[in-house]
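To start, the structure under review is shown below, and the notes come after it.
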Amino acid sequence: MADNNIVGIEYNRVTNTTSTDFPGHSSNEDQSWDIEKIKNSLEVKISKLDERESNFDLVHIDTSIANALRRIMISEVPSVAAETIYVFNNTSVIQDEVLAHRIGLIPLKADPDLLTWVDTAQDEKSKYTDENTIVLTLDVTCTHNPNAPKGSTNPKELYRNSHVYAKDLKFEPQGKQVELFKGNPVTAADPNILIAKLRPGQEISLRAHCILGVGSDHAKFSPVATASYRLMPVIDIKQPISGEQAKRFQRCFPPGVVDIDSKGEAYVKDARRDTVSREVLRHEEFDGKVKLGRKRDHFIFNIESTGGMPPEEIFIKSIRLLKSKADYLRNCPIGQ
Amino acid sequence: MSTIIDEQHKDVDPDQMDQDQDIEEYDLDKIKLLPGSSEDGTAASFQIVDEDHTLGNSLRYVIMKNPEVEFVGYSIPHPSENKLNIRIQTYGSITAVEALHLGLENLSQLCGVIETKFMEALN
């Protein structure tokens with residue numbers, strides 16, 4: 001039964017890939033729905049959590065749920081991005097539409113909870129309000145630098161504003177946004193993203209309307225750079241491996257996965273670090289001595305935020321979104 | 001199982017003033033019954049719009065956990081139409097609609113558990 005939860009990884013195939021924890025599958029265990037059982041068995045272990053990246057384990061949960069959460073994080077958790085760009089003047093070499101696209105893709109540090117959804121049914125004039133739109137302006141003109149060192153060929157020394165960066169986007173709070181965004185003004189999450197390069201005489205003057213959106217509409221609205229999971233690797237040493245062979249065995253794995261004890265025998269120190277490269281299966285000498293696998297219900301999530309909100313918030317929002325999907329559908333009348 | 005339904009009824013009945021308004025806010029075209037259901041309602045297919053594998057697969061899993069359910073499966077009939085078909089057949093003691101509703105309630109509960117556990121781990 002214990003093996004039932006391990007996906008086998010062999011030289012050129014995988015085995016036991018489908019979960020079978022359903023009623024009627026096995027006679028000696030009750031597999032029917034039991035929320036108390038889930039409450040007791042579900043484990044969350046957070047191993048890394050910082051402003052941009054989070055790594056945690058979700059144990060004893062089905063793939064369908066883990067995958068739903070991953071999918072929601074990528075495509076359904078709302079975030080703020082520039083949607084409409086009004087170009088007043090652009091004499092740079094980069095075309096308006098390309099420039100607009102680049103600005104759209106810049107991750108913004110803006111709390112999506114402070115905005116409401118734009119009503120797309122309304123006309124262009126009235127749909128953007130101080131409740132649903134953040135206005136950023138970009139006004140740069142490149143000029144010669146009169147104090148440039150003689151003989152310099154570096155554009156940054158020769159000219160002023162030769163490089164336009166994401167930090168040059170200036171937040172213009174509208175109406176009640178002055179109060180609302182007092183403590184946390186909207187800025188680019190990464191200030192040094194290069195938007196365009198200019199030469200003396202060239203100018204960019206534009207206004208960007210940033211709104212709430214979801215990743216399924218456009219990738220710029222996705223709050224995550226990556227949201228992925230992998231299954232916990234399992235390395236099962238079937239027969240003792242010692243001496244020189246143990247050293248060769250150790251080299252089949254990334255550093256820190258396999259260690260050698262005082263008796264010179266190889267043991268698994270940290271399977272979590274393994275990449276499951278299957279290198280060990282290529283060597284005949286280890287035939288039958290080791291079995292590779294992955295725990296089917298142990299998910300190692302890695303969430304990398306684009307900077308709009310912290311990764312743990314994105315994950316929590318994904319859980320709530322899945323919950324609200326279920327709740328909403330539960331209350332929808334079933335039509336004929 | 002019955003306790004779960006009872007709890008849910010308590011949630012539905014509170015003396016909220018905007019109860020009627022709430023019902024109107026639900027999309028009447030969100031889910032419909034597809035042709036091919038049995039007379040007694042123990043086997044039925046549903047079509048849900050604007051949903052995908054995210055809900056389809058997790059709902060399939062939760063409904064499959066119900067011992068009264070004989071079969072459940074979902075499909076997305078065409079990749080460029082955002083429609084989700086889900087088929088439920090029960091052994092006879094409950095209807096397909098009941099199985100679907102219980103599945104949705106259980107899925108919602110599961111999300112609650114995950115959220116609580118994650119919050120605990122955060123603090």
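By convention in this document, chain letters (A, B, ...) are assigned in the order of the sequence lines, proteins followed by strands, and residues within each chain are numbered from 1.
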Got more than 12 heavy atoms from elsewhere within 6.0 Å of [atom1], [X]?
{"X": "A:Lys127", "atom1": "NZ", "value": "yes"}
{"X": "A:Arg273", "atom1": "CZ", "value": "no"}
{"X": "A:His218", "atom1": "NE2", "value": "yes"}
{"X": "A:Glu51", "atom1": "CD", "value": "no"}

CA sep, side-chain torsions, deciding dist, call: A:Asp21, B:Tyr61, side chain to side chain contact (heavy atoms under 4.5 Å, CB included)
CA-CA 10 Å; A:Asp21 53 338; B:Tyr61 163 73; 3.7 Å; yes
Looking at every non-hydrogen atom in both residues, tell me the closest pair between A:Ala68 and B:Ser58 and how far apart they are.
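Between these two residues, the closest heavy atoms are CB-OG, 4.0 Å.
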Where do A:Asp327 and B:Ser108 come nearest, in terms of heavy atoms and distance?
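What the structure gives for the nearest pair is OD1-OG, 2.7 Å.
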Could you measure the distance from the [atom1] atom of [X] to the [atom2] atom of [Y]? Nearest 0.5 Å is fine.
{"X": "B:Phe118", "Y": "A:Ile319", "atom1": "CZ", "atom2": "CD1", "result": "6.5 Å"}
{"X": "A:Ser216", "Y": "B:Asp52", "atom1": "OG", "atom2": "CG", "result": "8.5 Å"}
{"X": "A:Lys325", "Y": "B:Cys111", "atom1": "NZ", "atom2": "SG", "result": "11.0 Å"}
{"X": "B:Glu115", "Y": "A:Ser318", "atom1": "CD", "atom2": "OG", "result": "9.5 Å"}
{"X": "B:Ile63", "Y": "A:Phe22", "atom1": "CD1", "atom2": "CZ", "result": "11.5 Å"}

Quick one: of [options], who has the most non-hydrogen atom pairs under 4.5 Å with chain A?
{"options": "B:Ile31, B:Leu59, B:Ile48, B:Asp29", "answer": "B:Ile31"}
{"options": "B:Lys30, B:Glu51, B:Met64, B:Arg60", "answer": "B:Met64"}
{"options": "B:Glu120, B:Met119, B:Lys117", "answer": "B:Lys117"}
{"options": "B:Val97, B:Val62, B:Val69", "answer": "B:Val62"}

Side chains of [X] and [Y]: closer than 4.5 Å at any heavy-atom pair?
{"X": "B:Thr54", "Y": "A:Leu321", "answer": "no"}
{"X": "A:Asp34", "Y": "B:Lys65", "answer": "no"}
{"X": "B:Glu25", "Y": "A:Asn331", "answer": "no"}

Hey, mind stepping through A:Leu322 and B:Leu110 against side chain to side chain contact (heavy atoms under 4.5 Å, CB included) and telling me if it holds?
CA-CA 10 Å; A:Leu322 184 59; B:Leu110 175 59; over 6 Å; no
The single option from B:Leu104, B:Leu107, B:Leu102 passing side-chain contact (heavy atoms from CB on, under 4.5 Å) against A:Arg330:
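Answer after filtering B:Leu104, B:Leu107, B:Leu102: B:Leu104.
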What residue in A:Asp62, A:Ile46, A:Ile61, A:Asn67 has the most heavy-atom pairs under 4.5 Å with chain B?
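Looking at each option in turn, the highest pair count goes to A:Asp62.
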Can you tell which of A:Thr63, A:Ile38, A:Leu329, A:Ile72 has the highest number of heavy-atom pairs within less than 4.5 Å of chain B?
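Counting heavy-atom pairs under 4.5 Å, the top option is A:Leu329.
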Which class fits the ring pair A:Tyr328 and B:Tyr26: parallel under 30°, tilted 30 to 60°, perpendicular over 60°?
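Tilted: the ring planes of A:Tyr328 and B:Tyr26 meet at 30° to 60°.
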Please classify the contact between A:Glu76 and chain B as side chain, backbone, both or neither, with a heavy-atom cut-off of under 4.5 Å.
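Side chain only.
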Heavy-atom proximity to chain B below 4.5 Å, by part of A:Asp30
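For A:Asp30, there is no contact with chain B at all, as no heavy atom is under 4.5 Å.
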Which atoms of B:Leu34 approach chain A - backbone, side chain, both or neither, heavy atom under 4.5 Å:
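Interface part for B:Leu34: neither.
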